[in-house]
Amino acid sequence: MWKKFSFISVVFILSMVLLTACSSDNNSEENADKGEGNLGTKEVELATDTYLSNIGATHLVKLLLEEVGYDVTVTSTDVGIEFSGLADGSSDASVGLWLPTTHASYWEKYKDKLDKISMVTEKVELGLTVPSYMEDIDTIEDLANNKNNIGKKLDWTITGISPGAGEMKLTKNEVMPAYGLDENWELQSSSGPTMAAALTRAIDNKEPIVVTLWTPHWTFNKFDLKILKDPKNKYGDPDNVYSASRKGFKEDSPLAYKIIKAFRLTKKQNQNIMLNIQNGMSNEDAAKEFLKNNPDFKEKILSKAKGE
């Protein structure tokens, strides 16, 4: 009787061990499918500047990371602080570095402490921009030559954005001296929203205006605009937008790194998100609306990230 009981007990114990092992294997497979096996550190901080082109893209990445289990915060700040924060590890990653021209000074200063991840958007442009109804103003030289008395009409003022922006530094230090605009014209600092509001008012009244602008930007979806020709190429060839991270992020949060590496966004896609934000949607709701209207977008990026 004792032997029979012992035999049954051993069989029972072995069965339980096998069931537990199978269950564990199944759970491991499910976790691997969800990406939970290589999340690493789950708290991720994304950095962005204050411009809608980068804010929209950043909140899209936020949703993708949260989809696989990360806890994500977004910090929006001046571009200089964005770079320094990545360099000192205060934040983890950004998807809004404009290179090789717009953010060149920041990249040169901090590149040894950053990891460039991948290209997000290709061939983004920046330059002095006017409404298309200003038919007689086509190049930056037209401003310098005061064609049709444009300087006096605008009180010799170019409406800019925040003084720390890469485009503002480039305009002030390279473009204006090269064309002689620094002799009479003033580059007026403001902010992205203030510049856009001034542009909107001018167009509503069909008045002349010159602004510092870039693509992607929602105003190109809403208005008929033209970037002034730059025959001396002082704004340089079009930039690409890149993602980058602090040193060690790849090892600390490997799946997050892979998702950001796989992240791509066209100018047109970004401008759609930006326009929804401009029309009153929250940053996150605009990103959710984009994913709702582009169901394959999320699947493509996450599948690529998990397949690496």
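- Note on Ile117 and Tyr110: separate hydrophobic clusters, where clusters join Ile, Leu, Val, Met, Phe, Trp and Tyr whose side-chain heavy atoms are under 4.5 Å apart, directly or indirectly.
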Practice item. Decide side chain to side chain contact (heavy atoms under 4.5 Å, CB included) for Gln278 and Met274; before the verdict, give the C-alpha distance in whole Å, the side-chain angles of both, and the deciding distance to 0.1 Å. Key: CA-CA 6 Å; Gln278 177 62 27; Met274 294 170 69; over 6 Å; no
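- Phe83 and His103 have perpendicular rings, their planes meeting at more than 60° on a 0 to 90° scale where under 30° would count as parallel.
- Within the 3.5 Å criterion, the main-chain N or O of Ile161 finds no donor-acceptor partner in the side chain of Ser191.
- A donor and an acceptor atom, one from each side chain of Thr215 and His217, are nowhere located under 3.5 Å apart.
- Shown here is Lys250, whose NZ atom has no more than 12 heavy atoms of other residues, nucleotides or ligands within 6.0 Å.
- Atom OG of Ser243 sits about 12.5 Å away from atom CD1 of Ile259, to the nearest 0.5 Å.
- Rounded to the nearest 0.5 angstrom, Met168 CE and Asn173 CG are separated by 10.5 Å.
- Met119 and Ile260 fall into different hydrophobic clusters, where Ile, Leu, Val, Met, Phe, Trp and Tyr are joined by side-chain heavy atoms under 4.5 Å apart, directly or via other members.
- Within the 4.5 Å cutoff, the side chain of Asp92 has no heavy atoms near those of the Leu46 side chain.
- Atom NZ of Lys247 has more than 12 neighbouring heavy atoms from other residues, nucleotides or ligands inside a 6.0 Å radius.
- Between the side chain of Thr121 and the backbone N or O of Val241, no donor-acceptor pair lies under 3.5 Å.
- Using a 3.5 Å distance cut-off with no hydrogens or angles, the side chains of Thr171 and Tyr235 do pair a donor with an acceptor.
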Practice item. Please report the C-alpha distance between Val130 and Ile209 in whole Å, then the side-chain angles of each, then the deciding distance to 0.1 Å, and finally whether the side chain to side chain contact (heavy atoms under 4.5 Å, CB included) criterion is met. Key: CA-CA 6 Å; Val130 302; Ile209 189 170; over 6 Å; no
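- A heavy-atom distance below 4.5 Å is not found between the side chains of Thr77 and Thr50.
- Proximity of Asp239 to Pro100: side-chain heavy atoms (C-beta onward) are separated by under 4.5 Å at one or more points.
- In this structure the side chain of Leu128 reaches within 4.5 angstrom of the side chain of Ile158, judged on heavy atoms.
- Aromatic rings of Trp214 and Tyr51 (six-membered ring for Trp) have centroids within the 6.0 Å cut-off, being under it.
- More than 12 heavy atoms of other residues, nucleotides or ligands lie within 6.0 Å of NZ in Lys147, so this atom counts as buried by the packing criterion.
- Using a 3.5 Å distance cut-off with no hydrogens or angles, the side chains of Asp230 and Tyr179 do pair a donor with an acceptor.
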Practice item. In sequence, state the C-alpha distance, the side-chain angles, and the governing distance for Phe220 and Ile227, and then conclude on side chain to side chain contact (heavy atoms under 4.5 Å, CB included). Key: CA-CA 10 Å; Phe220 285 93; Ile227 296 177; 4.0 Å; yes
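- Side chains of Glu284 and Glu289 form no contact here, defined as non-hydrogen atoms less than 4.5 Å apart.
- Atom NZ of Lys113 has 12 or fewer heavy atoms from other residues, nucleotides or ligands within 6.0 Å.
- Closest non-hydrogen pair, Pro216 versus Val124, comes out as CD-CG1, 3.6 Å.
- Using modelled atom types, no side-chain atom of Glu167 and backbone atom of Thr212 make a donor-acceptor pair closer than 3.5 Å.
- Between atom CD1 of residue Ile301 and atom CG of residue Leu60 there is a gap of 6.5 Å, rounded to the nearest 0.5 Å.
- Counting heavy atoms from C-beta outward, Thr48 and Val95 have side chains that stay 4.5 Å or more apart.
- Separation of atoms NZ (Lys116) and CG (Leu99) is listed at 5.5 Å; rounding is to 0.5 Å.
- Of the candidates Ser189, Ser190, Ser162, Met195 forms a side chain to side chain contact (heavy atoms under 4.5 Å, CB included) with just one, namely Ser190.
- The closest side-chain heavy-atom distance from Ser91 to Arg246 is not below 4.5 Å.
- Checked by atom type and distance alone, the side chain of Tyr257 never pairs as donor or acceptor with a backbone atom of Glu251 at under 3.5 Å.
- The nearest pair of heavy atoms linking Trp98 to Ser53 is CZ2-OG, 4.1 Å.
- Remark: the backbone N or O of Gly166 is not paired with any side-chain donor or acceptor of Thr102 at under 3.5 angstrom.
- Between the Asp142 side chain and the Thr139 main chain, a donor and an acceptor come within less than 3.5 Å of each other.
- Residue Val79 is not grouped with residue Leu126 when hydrophobic side chains (ILVMFWY) are merged at heavy-atom distances under 4.5 angstrom, including chains of intermediate members.
- Using a 4.5 Å cut-off on side-chain heavy atoms (C-beta onward), Leu114 and Trp107 make contact.
- Residue pairs that meet the salt bridge (Lys or Arg N to Asp or Glu O under 4.0 Å) test with at least one member in residues 42-51, sequence neighbours left out, do not exist here.
- Tyr242 contributes no side-chain N or O that, together with a main-chain N or O of Val120, makes up a donor-acceptor pair within less than 3.5 Å.
- Hydrophobic clustering, with ILVMFWY side chains joined whenever heavy atoms are under 4.5 angstrom apart, keeps Leu86 apart from Phe263.
- Side-chain contact, Tyr106 with Lys169: a donor N or O sits under 3.5 Å from an acceptor N or O.
- Checking Asn221 against Gln271 by side-chain atom types alone, a donor-acceptor pair falls below 3.5 Å.
- Between the side chain of Thr200 and the main chain of Ala196, a donor-acceptor pair closer than 3.5 Å is present.
- Under 3.5 Å, the side chains of Thr157 and Asp155 contain no donor-acceptor pair of N or O atoms.
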Check your understanding: Which is it for Trp218 and Ile277 under the side chain to side chain contact (heavy atoms under 4.5 Å, CB included) test, yes or no, and what are the steps along the way?
Key -> CA-CA 9 Å; Trp218 64 267; Ile277 295 173; over 6 Å; no
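- Of all the heavy atoms in Leu187 and Gly160, the pair that sits closest is CD1-CA, 4.3 Å.
- Remark: the backbone N or O of Ala287 is not paired with any side-chain donor or acceptor of Lys292 at under 3.5 angstrom.
- Using a 4.0 Å cut-off between charged nitrogen and carboxylate oxygen, Asp138 and Lys226 count as a salt-bridge pair.
- Atom CD in Glu207 sits 9.5 Å away from atom CG in Asp204 (nearest 0.5 Å).
- The main-chain N or O of Thr266 is never found under 3.5 Å from a side-chain atom of Asn270 such that the two would form a donor-acceptor pair.
- In the hydrophobic clustering of this structure, Met281 does not group with Leu63; members are Ile, Leu, Val, Met, Phe, Trp, Tyr whose side-chain heavy atoms approach within less than 4.5 Å, directly or through other members.
- Taking CG from Leu228 and CG from Leu225, the interatomic distance works out to 10.5 Å, rounded to the nearest 0.5 Å.
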